[in-house]
Amino acid sequence: MDSELKEEIPVHEEFILCGGAETQVLKCGPWTDLFCDQSVKRPKLLIFIIPGNPGFSAFYVPFAKALYSLTNRRFPVWIISHAGHALAPKDKKILKTSEDSNAQEIKDIYGLNGQIEHKLAFLRTHVPKDMKLVLIGHSIGSYFTLQMLKRVPDLPVSLLLQEQW
């Protein structure tokens with residue numbers, strides 16, 4: 001087990017345009033695009049972390065790596081920043097596709113309602129509809145997850161974990 005923990009766990013950083021705002025997504029594991037990988041090895045479940053304020057995704061990387069290890073590296077663990085809480089470095093490309101509905105601006109994206117819509121817009125565009133979700137929300141992220149479930153009751157959630165301090 002010690003050798004497994006010492007082995008480096010890949011974390012891929014992307015900046016995307018989601019709802020008109022720059023968004024950082026940290027992806028733990030080898031899966032960076034769940035739509036293009038149509039192989040038998042495509043995971044059936046995504047662990048999706050929504051942080052508390054200030055929405056600093058990198059704070060959750062050790063937690064994401066631990067989850068990834070504890071699930072025997074079978075499922076991707078993704079962390080999404082809050083809209084506008086992470087700016088891409090000047091040398092980093094912001095990913096956007098022409099058919100990306102996330103390029104459309106969300107009204108009041110920096111308010112509570114906009115942040116909830118931001119997370120839903122990301123899931124609609126970057127996660128296949130048949131993929132099961134484990135939603136983990138910390139602090140305000142817990143509120144976001146509950147509101148997401150109210151707005152989209154058929155969201156394929158297998159487990160909801162909340163941490164409020």
Side-chain angles (χ1 to χ4, degrees), residues 8-37 43 45-69 71 73 75-128 131 133-149 151-152 155 157 160-165:
E8 188 58 34
I9 295 172
V11 177
H12 176 75
E13 178 185 53
E14 288 181 0
F15 285 89
I16 61 166
L17 189 62
C18 183
E22 287 184 27
T23 304
Q24 181 188 42
V25 182
L26 299 175
K27 299 177 176 184
C28 193
W31 307 277
T32 58
D33 186 336
L34 296 174
F35 284 106
C36 289
D37 185 6
L45 182 132
L46 169 66
I47 301 171
F48 191 65
I49 301 172
I50 301 174
N53 272 335
F56 184 59
S57 304
F59 177 78
Y60 298 87
V61 168
F63 177 61
K65 285 182 172 185
L67 281 174
Y68 183 66
S69 286
T71 60
R73 301 175 177 236
F75 308 113
V77 181
W78 290 4
I79 310 162
I80 187 170
S81 70
H82 297 320
H85 285 224
L87 297 175
K90 292 188 187 310
D91 62 337
K92 196 87 164 162
K93 183 179 178 185
I94 298 173
L95 304 176
K96 183 182 127 183
T97 59
S98 57
E99 69 276 355
D100 189 351
S101 64
N102 287 331
Q104 297 174 2
E105 288 191 23
I106 295 172
K107 187 175 182 177
D108 188 29
I109 193 158
Y110 304 113
L112 287 176
N113 182 59
Q115 292 288 350
I116 296 160
E117 290 301 321
H118 170 259
K119 309 313 177 267
L120 289 170
F122 176 84
L123 289 174
R124 279 191 293 270
T125 306
H126 295 278
V127 179
M131 175 133 330
L133 298 169
V134 172
L135 297 179
I136 300 175
H138 171 236
S139 191
I140 193 68
S142 296
Y143 175 78
F144 292 162
T145 58
L146 291 173
Q147 294 303 310
M148 290 164 60
L149 292 172
R151 293 176 191 200
V152 186
L155 203 60
V157 174
L160 174 65
L161 299 173
Q162 300 177 60
E163 176 58 40
Q164 303 245 355
W165 290 344

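A ring-ring contact (aromatic ring centres under 6.0 Å, His included) with Phe48 is found for exactly one of Tyr60, Trp78, Phe122, namely Phe122.
Within the 4.5 Å cutoff, the side chain of Phe59 has no heavy atoms near those of the Pro51 side chain. The closest side-chain heavy-atom distance from Glu117 to Asp108 is not below 4.5 Å. In this structure, the side chains of Thr32 and Pro76 stay at 4.5 Å or more apart for every pair of heavy atoms. Counting only heavy atoms from C-beta outward, the side chains of Leu155 and Leu135 approach each other to under 4.5 Å. Using a 4.5 Å heavy-atom threshold, the side chains of His85 and Asn53 count as touching. Counting heavy atoms from C-beta outward, Tyr143 and Ile116 have side chains that approach closer than 4.5 Å. For the pair Leu133/Leu123, a side-chain contact is recorded, criterion being any heavy-atom separation below 4.5 Å from C-beta on. Between Gln147 and Leu112 the shortest side-chain heavy-atom distance does not fall below 4.5 Å.
Among all heavy-atom pairs drawn from Pro43 and Trp31, the shortest one is CD-NE1, 3.3 Å. A pairwise comparison of heavy atoms in Gly84 and Ala21 identifies N-CB, 3.9 Å as the closest pair. For the residue pair Glu8 and Arg73, the shortest heavy atom distance occurs at O-NH1, 3.9 Å. Counting all heavy atoms, side chain and backbone alike, Cys28 lies closest to Ala64 at SG-O, 4.0 Å. Residue Ile106 comes nearest to Gly114 through the heavy atom pair CG2-CA, 4.0 Å, listed as atom of the first residue, atom of the second, then distance. Shortest non-hydrogen contact noted between Ile80 and Ser57 is C-OG, 3.7 Å.
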Walk me through it: do Thr71 and Leu45 pass the test side chain to side chain contact (heavy atoms under 4.5 Å, CB included)?
-> CA-CA 11 Å; Thr71 60; Leu45 182 132; over 6 Å; no

Decide yes or no on side chain to side chain contact (heavy atoms under 4.5 Å, CB included) for Leu67 and Ile136, but give the supporting numbers first.
-> CA-CA 11 Å; Leu67 281 174; Ile136 300 175; 3.6 Å; yes

Side chain to side chain contact (heavy atoms under 4.5 Å, CB included) assessment of His126 paired with Ile16 = CA-CA 10 Å; His126 295 278; Ile16 61 166; 3.6 Å; yes

Test log, rule side chain to side chain contact (heavy atoms under 4.5 Å, CB included), inputs Ile50 and His82 = CA-CA 8 Å; Ile50 301 174; His82 297 320; 4.1 Å; yes

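Put simply, CE on Met148 and NE2 on His118 are 11.0 Å apart, with the number rounded to the nearest 0.5 Å. Taken to the nearest 0.5 Å, the SG atom of Cys18 stands 12.0 Å off from the CD atom of Glu105. Atom CG of residue Asn113 and atom NZ of residue Lys107 lie 10.0 Å apart, to the nearest 0.5 angstrom. Note: Lys27 NZ to Leu46 CG = 9.0 Å, rounded to the nearest 0.5 Å.
A donor-acceptor pair is defined here as one N or O able to donate and one able to accept, closer than 3.5 Å; such a pair exists between the side chain of Ser142 and the backbone of Gly137.
Aromatic ring centroids of His138 and Phe63 lie 6.0 Å or more apart.
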